[in-house]
Amino acid sequence: ELLRRAGIHNVEARAGRLEQLPYRGASFDAVFCYISLFYTDWLRALDEIVRVLTPGGRLYVTGNGIGWYLHLWFNRPHATTDYEPRELVARTFADTVKYERSRRPPTSQLLIEPETMTEALQARGLAVVAHGDEGTIHIDRDVDPSRPFFSGSYFGQIGCYEILAQKEKRRR
């Protein structure tokens, strides 16, 4: 509905799972994955994203380091009677351990440190083009940089981060 109201007619919105993308291989020049990968079986989702990226295609992805979860634990942002950030932290840590042991998909989120994300991207043939705190990658010098939504560090630890990666081009 938003696309129609904005007069955009060359975009098709679909709901689905990152682990099973309903598209042919090499269908997209770019994939934008903001605040979503860590809710999935992220390694399987990366495999799918790489499958649908064209050679030379780019992936933008965000993640949360342990500093973000320290922030949630100690500062309890947006806590209400129905939402306790500490419960999210506890589930995230438990889900991360279960995922690392058995690849069981999360019920909440997964903690994916940037080094782990970078290694997984590189293992799938993606080269890191840029990385930094969330909201700091700026590749178009003709456009004013955006302002970050989240901090890149909390309590001296990595908070929210972003990575721009590019799929290898096919060899001729």
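This structure is a prediction, so every number in the text was calculated from the model and none was measured. Quick note: residue numbers are just sequence positions, from 1.
Residues forming a side-chain contact (heavy atoms from CB on, under 4.5 Å) with Asp140 (at least two apart in sequence, or on another chain): Asp142, Val143. Partners of Arg124 by side-chain hydrogen bond (donor to acceptor under 3.5 Å, both in side chains), not counting sequence neighbours, listed by chain and number: Asp47. Partners of Tyr39 under the side-chain hydrogen bond (donor to acceptor under 3.5 Å, both in side chains) rule, at least two apart in sequence or in another chain, are Gln109. Contacts of Asp29 classified as side-chain contact (heavy atoms from CB on, under 4.5 Å), with partners at least two apart in sequence or in another chain: Thr54. Taking the salt bridge (charged side-chain N to carboxylate O under 4.0 Å, His left out) definition, one finds that Asp41 meets it with Arg103, sequence neighbours left out. Residues satisfying the side-chain hydrogen bond (donor to acceptor under 3.5 Å, both in side chains) criterion with Thr107, sequence neighbours excluded, are Asp95. Under the salt bridge (charged side-chain N to carboxylate O under 4.0 Å, His left out) criterion, Glu1 pairs with Arg4, Arg5, sequence neighbours left out. With sequence neighbours excluded, the residues that form a side-chain contact (heavy atoms from CB on, under 4.5 Å) with Val89 are Tyr69, Leu72, Trp73, Phe93. The salt bridge (charged side-chain N to carboxylate O under 4.0 Å, His left out) check on Arg86 picks up nothing, with sequence neighbours excluded. Evaluation of the salt bridge (charged side-chain N to carboxylate O under 4.0 Å, His left out) rule for Arg76 yields Glu84 as partners, not counting sequence neighbours. Every residue two or more places apart in sequence or in another chain that forms a side-chain hydrogen bond (donor to acceptor under 3.5 Å, both in side chains) with Tyr60 is listed here: Glu162.
Taking CD1 of Ile163 as the start and OG1 of Thr62 as the end, the distance is 9.5 Å to the nearest 0.5 Å. Annotation: the span from Tyr23 atom OH to Phe28 atom CZ amounts to 4.5 Å, rounded to 0.5 Å. One distance of note links SG of Cys160 with CD of Glu134; it measures 6.5 Å at 0.5 Å rounding.
Nearest heavy-atom pair across Lys169 and Pro55 is CA-CB, 3.9 Å. Closest approach of Asp133 to Gly152, counting heavy atoms only: CG-CA, 3.3 Å. Among all heavy-atom pairs drawn from Val61 and Met117, the shortest one is CG2-CE, 4.2 Å. Across every non-hydrogen atom of Pro85 and Pro77, the tightest pair is CG-O, 3.3 Å. Contact record, Cys33 with Ser36: SG-OG, 3.5 Å, taken as the closest heavy-atom pair.
In this structure, His131 and Thr118 have side chains that are not in contact, with every pair of non-hydrogen atoms separated by 4.5 Å or more. In this structure, Thr92 and Phe38 have side chains that are not in contact, with every pair of non-hydrogen atoms separated by 4.5 Å or more. Side-chain contact between Glu19 and Trp42: absent, with no pair of heavy atoms (C-beta onward) separated by less than 4.5 Å. Counting only heavy atoms from C-beta outward, the side chains of Asn64 and Ile112 never approach each other to under 4.5 Å. You'll find the side chain of Val128 stays beyond 4.5 Å of the side chain of Leu164, heavy atoms only. Side-chain contact between Leu126 and Glu168 is absent, with no heavy-atom pair separated by less than 4.5 Å. Within the 4.5 Å cutoff, the side chain of Tyr161 has no heavy atoms near those of the Ile137 side chain. Side-chain atoms of Pro114 and Ile158, non-hydrogen and from C-beta on, do get closer than 4.5 Å to each other.
Under the 4.5 Å side-chain heavy-atom criterion for Ile, Leu, Val, Met, Phe, Trp and Tyr, Leu53 and Ile139 are members of the same hydrophobic cluster. Ile66 and Val97 sit in two unconnected hydrophobic clusters of ILVMFWY residues. Membership requires side-chain heavy atoms under 4.5 Å apart, directly or through other members.
Counting non-hydrogen atoms of other residues, nucleotides and ligands closer than 6.0 Å to CZ of Arg91 gives a total above 12. Within 6.0 Å of the CZ atom in Arg147, the count of heavy atoms belonging to other residues, nucleotides or ligands does not exceed 12.
In this structure, Lys98 does not pair ionically with Glu100, as no charged nitrogen and carboxylate oxygen lie closer than 4.0 Å.
The other residues sharing a hydrophobic cluster with Val11 are Leu3, Ile8, where clustering joins ILVMFWY side chains under 4.5 Å apart.
Counting only distance, with no hydrogens or angles, the side chain of Ser102 and the backbone of Tyr99 share no donor-acceptor pair below 3.5 Å. Between the side chain of Thr40 and the backbone N or O of Leu18, no donor-acceptor pair lies under 3.5 Å. Here the side chain of Gln166 pairs no donor or acceptor atom with the backbone of Gly57 at under 3.5 angstrom. Checking side-chain atoms of Arg141 against main-chain N and O of His138 turns up a donor-acceptor pair under 3.5 Å. Side-chain N or O atoms of Lys167 include one that pairs as donor or acceptor with a backbone N or O of Val50 at under 3.5 Å. Looking only at distances, a side-chain donor or acceptor of Arg14 sits under 3.5 Å from a matching main-chain atom of Pro22. In this structure, Thr80 contributes its side chain and Tyr83 its backbone to a donor-acceptor pair below 3.5 Å.
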Original post:
Which is it for Gln20 and Arg44 under the side-chain contact (heavy atoms from CB on, under 4.5 Å) test, yes or no, and what are the steps along the way?
Top reply: CA-CA 9 Å; Gln20 282 185 296; Arg44 186 170 167 204; 3.5 Å; yes
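Aromatic ring pairs are classed by plane angle as parallel below 30°, tilted from 30° to 60° and perpendicular above 60°; the pair His71 and Trp68 is tilted.
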